[in-house]
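What follows is one structure encoded as structure tokens, with my remarks underneath.
Convention: sequence-line order gives letters A, B, ...; per-chain numbering from 1.
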Protein chains: 2
Amino acid sequence: MARRTGRRPGNPATREAILQASRAAFAERGYDAASIRQIATGAGVDPALVHHYFGTKEQLFLAAVQAPIDPRELIPQVLAGGVDGVGARLVRTFVRVWDSPRGGTAAALLRSAVTNEWTARMLREFVITQILRRAIRELGLEGPDAMLRAGLVASQLLGLATTRYVLKLEPLVSATADQLAAAIGPTVQRYLTGDIGQDG
Amino acid sequence: MARRTGRRPGNPATREAILQASRAAFAERGYDAASIRQIATGAGVDPALVHHYFGTKEQLFLAAVQAPIDPRELIPQVLAGGVDGVGARLVRTFVRVWDSPRGGTAAALLRSAVTNEWTARMLREFVITQILRRAIRELGLEGPDAMLRAGLVASQLLGLATTRYVLKLEPLVSATADQLAAAIGPTVQRYLTGDIGQDG
DNA sequence: AGAAGAATTCAACAGATGTTGAAGTCAACG
DNA sequence: CGTTGACTTCAACATCTGTTGAATTCTTCT
């Protein structure tokens with residue numbers, strides 16, 4: 001008996017436009033600096049409509065950032081070929097994702113995490129539970145120093161993201177995915193499977 | 001003949017207090033999120049006094065960030081012992097600086113550069129001219145791929161800074177400088193002097 | 001046609017921001 | 001003493017922020 005009369009919620013075009021504009025804004029300005037009014041203007045909409053659809057600014061950020069990130073589909077591509085060369089494949093996949101349109105979402109998370117406390121918590125939780133732990137399990141890298149290995153990988157990859165996509169430091173910006181995989185791949189490989197100099 | 005009457009500019013205590021409060025604010029909130037009023041309150045001073053001493057907010061940021069960074073004094077300490085083990089020494093020195101009180105300045109630069117365009121330009125320029133070029137010259141690493149090597153080093157070290165000091169990702173936060181030097185030193189060493197897989 | 005209700009907009013709120021100019025306070029000089 | 005001028009504060013400005021509630025448009029149903 002529910003909902004029989006009234007206008008249908010159809011035509012989610014504007015809703016999607018708001019999401020898209022918010023992703024762009026969050027990606028290039030970060031959570032704090034991005035403004036609802038700026039997002040609304042970018043979507044050609046009244047600011048109040050943003051709240052009508054998504055509620056508070058935090059909820060909008062969650063909606064904008066949550067959807068298009070799903071590392072599960074990338075794991076097979078990285079693992080194909082076994083442990084040998086997994087470092088280079090991980091770097092190449094990482095660069096490919098950040099170069100794609102969906103890389104904006106990652107940039108939004110990183111940019112926001114640096115100045116905003118709860119987004120930092122979000123990114124930390126996401127990196128740990130969705131990426132690091134999963135990668136450790138899939139690669140069979142159990143052991144007492146597994147989290148340290150994962151953290152080292154995260155430091156190198158996030159550093160690459162910071163210098164290449166945020167700081168825009170040459171020549172890393174112009175380097176190809178293959179060049180970066182050749183240069184950084186061995187680092188990641190060693191962090192995952194090599195000697196990292198702990199306890200002996 | 002100049003300035004013979006009037007109150008002397010003496011007692012720069014409050015001026016220094018403002019500088020100190022601004023460093024703290026910029027370090028933990030970044031350029032955009034840090035506010036003049038917050039800084040003034042932290043220094044126990046009226047907001048207008050901040051402008052009286054430093055002019056605009058950008059000038060205050062420059063004053064707060066410019067002084068206590070001088071990489072020249074650190075270079076000998078990194079170079080002592082020759083090229084062998086320079087990677088580990090660089091990592092250890094890097095961690096030591098960021099762990100010291102002056103690390104706040106670096107954190108301010110990094111946090112600000114991520115959301116603010118002109119601070120990003122500042123940090124980029126600083127990293128290139130004050131650190132990378134100088135390190136290349138002092139280490140005698142001339143060559144066509146010198147800047148790429150330096151960029152790779154920057155990516156790993158900035159990544160360490162992001163994960164350890166901004167994102168606060170365990171177990172990197174609790175790791176000692178020696179542990180980090182043992183784990184990351186070889187990476188830096190290879191970026192500087194090893195095979196990074198380009199043109200051959 | 002008429003009613004219902006989602007989509008959308010208008011106008012305003014309370015608060016924070018950087019900045020400014022005028023005023024007040026106080027130490028050092030002629 | 002009286003003037004000078006740096007130090008310091010007060011009050012206000014224009015602008016932006018997130019958010020809200022009422023009003024309006026427009027589509028879909030009975």
Gap between atoms CZ and P, on R29(A) and dC16(D) respectively (whole Å): 12 Å

Report the distance from atom CG of D32(B) to atom C1' of dT17(D), rounded to the nearest whole Å. 14 Å

Strictly by salt bridge (charged side-chain N to carboxylate O under 4.0 Å, His left out), give each pair with a member in residues 32-61 of chain A just once, sequence neighbours left out. none

In B/S/- notation, 5' to 3', how is nucleotides 9-16 of chain C contacted by protein heavy atoms closer than 4.0 Å? BB-B----

Could you name each residue pair satisfying salt bridge (charged side-chain N to carboxylate O under 4.0 Å, His left out) that touches residues 176-187 of chain B, not counting sequence neighbours? R92(B)-D178(B)

Any L152(A) side-chain heavy atom under 4.5 Å of T187(B) side chain: no

Counting side-chain heavy atoms from CB outward, which of dT19(C), dT8(C), dG18(D) is closest to T56(B)? dT19(C)

Cluster membership besides L74(B), Ile/Leu/Val/Met/Phe/Trp/Tyr side chains within less than 4.5 angstrom, sorted by chain and number, is V97(B)

d(W98(B) CH2, T93(B) OG1) to nearest 0.5 Å is 14.5 Å

Quick one: F54(B) CZ to dT19(C) P, roughly how many Å, whole number? 14 Å

I39(B) CD1 - dT19(C) P separation (whole Å): 11 Å

Rounded to whole Å, the CZ-P distance (R15(A) to dA7(C)) equals 9 Å

Provide the full list of side-chain hydrogen bond (donor to acceptor under 3.5 Å, both in side chains) pairs with a residue in residues 162-172 of chain B, sequence neighbours left out, each pair given once. D99(B)-R164(B), D99(B)-Y165(B), E170(B)-S174(B)

Quick one: K57(A) NZ to dT20(D) C1', roughly how many Å, whole number? 17 Å

Roughly how bent is the helix from dA1(C)-dT30(D) to dC13(C)-dG18(D) end to end, in steps of 10 degrees, with each end axis from five pairs? 10°

Please go through V173(B)'s hydrophobic cluster and name the other residues, only I, L, V, M, F, W, Y counting, with side-chain heavy atoms under 4.5 Å joining them. none

Using only side-chain N and O atoms of Y53(A), determine if any of them is under 4.0 Å from OP1 or OP2 of dT8(C). yes

Show me the donor-acceptor pairs, under 3.5 Å and distance only, between side chains in residues 107-115 of chain A and residues at least two apart or in other chains.
from    : atom 1 : to      : atom 2 : distance (Å)
R111(A) : NE     : V114(B) : O      : 2.7
R111(A) : NH1    : A27(A)  : O      : 3.1
S112(A) : OG     : Y31(A)  : N      : 2.8
S112(A) : OG     : A108(A) : O      : 2.7

Could you pull out every donor-acceptor pair under 3.5 Å between side chains of residues 78-87 of chain A and any protein atom, sequence neighbours left out?
none

Using a 4.0 Å heavy-atom cut-off, does A40(B) contact any base of the nucleic acid, only the sugar-phosphate backbone, or nothing at all? nothing

Tell me the interatomic distance from H51(B), atom NE2, to dC13(D), atom P, rounded to whole angstroms. 18 Å

Taking any heavy-atom pair under 4.0 Å as a contact, classify A33(B): base, sugar-phosphate, or nothing. nothing

Does T14(B) place a side-chain N or O at less than 4.0 Å from the phosphate oxygens OP1/OP2 of dT8(D)? yes

